[in-house]
Amino acid sequence: MDNENKETVFVIYRSNGKEFRFDHDYFVAEHLPLVRKAWEQYGLVSSTAVYPKGEGDIVVVAVNEFRDEQAAIAAFGSPESEAVMSDIVRYTDLIPVRFRGVSFSY
């Protein structure tokens, strides 16, 4: 895969210092496989979860790597996205925020 064109979409869940519900087991065992099944056909290359330690209010970051920007746009705009988005209430009451990024090296 050409890393220059790769598009990464970070989905970040923040607690904002309030009480919240987040089922880590469901997220890893059910939600991430649902994401993969829904979006691989559009160019999703990988989807992983990162649990920052001691990073303030960040609970989890989902890292979704796509073949390129058009693949990410197609995946999030696909009919299968409805199932992915409606699944969120099954594991959390937090509202996820998305950020796009591109690969770089140093």
Would you compute the distance between atom [atom1] of [X] and atom [atom2] of [Y] and round it to the nearest 0.5 angstrom?
{"X": "Tyr26", "Y": "Thr92", "atom1": "OH", "atom2": "OG1", "result": "12.0 Å"}
{"X": "Leu34", "Y": "Ile88", "atom1": "CG", "atom2": "CD1", "result": "10.0 Å"}
{"X": "Asn64", "Y": "Ser46", "atom1": "CG", "atom2": "OG", "result": "7.5 Å"}
{"X": "Trp39", "Y": "Phe76", "atom1": "CH2", "atom2": "CZ", "result": "3.5 Å"}
{"X": "Arg67", "Y": "Glu7", "atom1": "CZ", "atom2": "CD", "result": "12.0 Å"}

(request) For Phe22, check ring-ring contact (aromatic ring centres under 6.0 Å, His included) against everything at least two apart and list the hits. (result)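 So Phe22 forms a ring-ring contact (aromatic ring centres under 6.0 Å, His included) with Tyr13, His24, Phe27, Tyr91.
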Nearest heavy-atom neighbours spanning [X] and [Y]:
{"X": "Gly43", "Y": "Ala71", "value": "CA-CB, 3.9 Å"}
{"X": "Val35", "Y": "Leu44", "value": "O-CD2, 3.9 Å"}
{"X": "Arg36", "Y": "Ser47", "value": "NH2-O, 2.6 Å"}
{"X": "Lys6", "Y": "Phe66", "value": "CG-O, 3.1 Å"}
{"X": "Leu94", "Y": "Ser15", "value": "CD2-CA, 4.1 Å"}
{"X": "Val61", "Y": "Phe10", "value": "CG1-CD2, 4.0 Å"}

(request) Salt-bridge test for Glu69 and Arg100: reply yes if a basic N is under 4.0 Å from a carboxylate O, no otherwise. (result)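 Answer for the salt bridge query: yes.
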Using the rule that Ile, Leu, Val, Met, Phe, Trp and Tyr join whenever any side-chain heavy atoms are under 4.5 Å apart, tell me whether [X] and [Y] fall into a single cluster.
{"X": "Phe99", "Y": "Val63", "result": "yes"}
{"X": "Val97", "Y": "Val50", "result": "yes"}
{"X": "Val60", "Y": "Val11", "result": "yes"}

(request) Enumerate the residue pairs fulfilling salt bridge (charged side-chain N to carboxylate O under 4.0 Å, His left out) with a member in residues 12-25, sequence neighbours excluded, ordered by first and then second residue. (result)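 Salt bridge (charged side-chain N to carboxylate O under 4.0 Å, His left out) check on residues 12-25 returns Arg14-Asp57.
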(message) According to salt bridge (charged side-chain N to carboxylate O under 4.0 Å, His left out), who are the partners of Arg98, at least two apart in sequence or on a separate chain?
(response)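 Result, salt bridge (charged side-chain N to carboxylate O under 4.0 Å, His left out) vs Arg98: none returned.
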